[in-house]
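Only one structure is covered here, and it is reproduced in the block below.
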Amino acid sequence: MHKLKDIYKNDSSYKAFLLSLLCVGVSYGLYKGILDNYLAQVVKMGEFDRGVTEFFRELPGFLLIFILAFLVEVSVENTYKLGAFIMLIGLALIAALPPSKVLVIIAICVYSTGEHIQLGMKNTLSINYANKGCGGISMGIQNAISNFGNIGGYIIVAIIFALLSSITAFKTIFITSLIILLLSCVINQALKSDGKARKNSSRFYFRKKFSKYYMLEIFYGARKQIFFTFGPYVLILFYKADASVISMLFAISAICCFFLSPIVGKLIDKIGYKIVMVSDTLILIVVCFFYGFAHHFLPMNIAFIVCCINYLLDSVISLASMASNVYVQDISDNEEEVRATITTGISVNHLISILIALFGGWIWQVTGIETLFSLSAILGLINSIYAATIKTSKAR
């Protein structure tokens with residue numbers, strides 16, 4: 001069993017980083033654990049409204065390459081800190097503003113801006129802080145700690161909803177999430193940076209050798225967006241699941257990912273990122289089939305359980321997305337190129353995500369969930385076929 005000191009560089013701020021991830025994980029678990037039910041029950045958003053909301057939530061991800069272009073001379077650690085602060089502002093707005101659709105969408109967009117800034121930075125920090133050959137397991141630990149924090153947040157949601165009325169519970173949970181995120185901002189001050197501006201960094205970083213990575217991010221962004229946005233909403237609107245049920249499902253999902261994330265990370269290091277990226281398709285097709293069609297041949301109560309199980313399976317196979325970051329590390333010339341490429345990848349990923357978010361609700365409303373999840377299966381299949389064309393370092 002690997003010890004942290006064997007995985008991470010001794011002169012890095014990995015301890016503060018991992019503790020920060022834990023706090024952000026708990027805060028996000030509280031936030032995400034109630035968000036879908038809050039939008040459906042309090043803000044009164046339907047499936048199309050949810051798609052519009054997700055469009056604006058994902059828009060900062062698409063714009064990330066431009067946002068970070070203005071921060072090109074800021075260290076990775078300081079950019080990570082800034083992301084946490086912007087998340088804090090967004091969460092404060094969600095907690096304070098009345099449940100108007102427009103105001104809530106604005107607050108979610110602000111929160112999402114900070115979240116996406118942190119997303120690229122935490123992946124980069126995980127890889128930069130890791131010793132050579134430990135990039136996969138470092139990413140696995142990052143995901144495991146985040147999921148462990150999520151578990152705590154989801155369980156707290158279930159407990160609060162068991163004790164308080166819905167309206168009071170929503171407000172209490174948002175405020176609790178805000179306090180824990182503030183704690184993360186305090187911990188972030190311990191993250192050390194060299195203070196050197198990256199003057200030789202490209203503001204917009206595209207290289208031909210990463211073209212397959214960009215394409216994989218497009219396919220993955222489309223496929224994951226359907227489940228991330230509409231998976232829980234199907235359970236809420238179609239199967240009438242309440243906040244306590246959804247939060248417990250999220251908790252179980254996070255527990256599965258907590259235990260399996262390091263294993264997947266080790267698997268990436270051991271058998272290679274290409275095999276991992278290709279091999280999750282069969283499970284994905286089964287997951288999408290049952291999610292879209294279970295209610296046609298099963299009683300609604302059984303179909304609901306089947307969909308919950310398949311939601312968990314999708315969460316697990318989504319861990320394979322770590323492999324693409326390790327692929328970037330493998331073909332990059334230096335750490336700065338890893339950072340810049342992952343950041344560009346996030347924006348490329350969201351280029352298709354925002355379109356799927358916008359039109360996904362319309363597809364559901366007009367044609368039904370069957371078409372929506374069939375589309376997810378097709379995109380996942382294309383993703384794996386394309387991943388099979390990657391040449392690994394040994395082949396190169």
Side-chain angles (χ1 to χ4, degrees), residues 32-59 61-62 99 101-102 104-105 108-109 112 218-243 245-247 249-250 253 283-315 317-318 349-383:
K32 176 61 180 174
I34 62 169
L35 183 63
D36 290 295
N37 286 89
Y38 179 73
L39 297 178
Q41 297 170 221
V42 180
V43 190
K44 306 298 182 183
M45 289 187 177
E47 53 267 61
F48 180 74
D49 293 330
R50 184 66 181 91
V52 172
T53 303
E54 195 63 17
F55 171 84
F56 286 101
R57 194 197 72 81
E58 291 284 31
L59 189 59
F62 169 64
K101 289 181 182 180
V102 174
V104 168
I105 288 174
I108 289 174
C109 187
S112 180
I218 288 176
F219 292 134
Y220 177 73
R223 158 258 182 284
K224 64 94 178 172
Q225 190 62 45
I226 291 175
F227 259 93
F228 184 87
T229 304
F230 300 106
Y233 234 55
V234 166
L235 301 179
I236 294 167
L237 294 186
F238 198 78
Y239 293 101
K240 310 304 179 185
D242 61 23
V245 171
I246 293 297
S247 62
L249 178 64
F250 288 165
S253 170
I283 302 174
L284 175 65
I285 293 173
V286 173
V287 165
C288 292
F289 171 77
F290 280 108
Y291 221 89
F293 295 91
H295 61 283
H296 284 292
F297 53 87
L298 293 171
M300 287 296 284
N301 60 328
I302 303 299
F304 172 69
I305 295 173
V306 169
C307 285
C308 287
I309 293 171
N310 280 277
Y311 181 85
L312 297 177
L313 287 174
D314 179 74
S315 298
I317 62 177
S318 292
N349 176 303
H350 286 75
L351 173 64
I352 190 67
S353 290
I354 60 174
L355 297 177
I356 292 293
L358 186 60
F359 292 107
W362 177 82
I363 292 171
W364 177 2
Q365 193 174 57
V366 174
T367 66
I369 59 174
E370 298 86 353
T371 304
L372 189 63
F373 288 96
S374 295
L375 177 62
S376 182
I378 293 170
L379 290 168
L381 181 60
I382 295 172
N383 180 81

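Any value given below was found using the heavy atoms of this structure, including those in side chains, with hydrogens, waters and symmetry copies removed. Positions are given from 1, in the same order as the sequence printed here.
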Working to the nearest 0.5 Å, report the span between CH2 of Trp364 and CG of Leu237.
4.5 Å
Quick check: closest heavy atoms across Tyr233 and Met45, and the distance to 0.1 Å?
OH-O, 2.9 Å
Look at the side chain of Asp314 and the backbone N and O of Asn310, then say whether any donor-acceptor pair between them is shorter than 3.5 Å.
no
Closer than 4.0 angstrom, basic N to acidic O: yes or no for Glu47 and Arg50?
no
Side-chain contact, heavy-atom cut-off 4.5 Å: Leu249 with Leu312?
yes
Are any non-hydrogen side-chain atoms of Thr53 and Val43 less than 4.5 angstrom apart?
no
At what distance, to the nearest 0.5 angstrom, does OG1 of Thr371 lie from CD1 of Ile363?
7.5 Å
Which distance, rounded to the nearest 0.5 Å, do you find between the CD1 of Ile356 and the CZ of Phe230?
9.0 Å
Can you confirm whether Tyr38 sits close enough to Pro99 that some side-chain heavy atom of one is under 4.5 Å from a side-chain heavy atom of the other?
yes
What I'd like to find out is whether the side chain of Cys308 reaches to under 4.5 Å of the side chain of Leu235, using heavy atoms alone.
yes
With a 4.5 Å cut-off on side-chain heavy atoms, are Tyr291 and Ile369 touching?
no
Would you say the ring centroid of Tyr239 lies under 6.0 angstrom from that of His295?
no
Short side-chain to backbone donor-acceptor contact, Ser315 and Tyr311, under 3.5 Å:
yes
Kindly indicate whether the side chain of Ser112, heavy atoms from C-beta on, has any atom under 4.5 Å from the side chain of Phe56.
no
Heavy-atom side-chain proximity of Val287 to Phe373 below 4.5 angstrom:
no
Could you tell me whether the side chain of Phe304 reaches within less than 4.5 Å of the side chain of Val245, counting heavy atoms only?
yes
Rounded to the nearest 0.5 Å, what separation is found between the CD1 atom of Ile108 and the CD atom of Glu58?
11.5 Å
To the nearest 0.5 Å, atom CG of Leu372 lies from atom CD1 of Ile226 at 5.0 Å
Starting at CD1 of Ile302, measure out to SG of Cys307 and round the result to the nearest 0.5 Å.
11.5 Å
If the plane angle is over 60° it's perpendicular, under 30° parallel, otherwise tilted; pick one for Phe289 and Phe293.
parallel
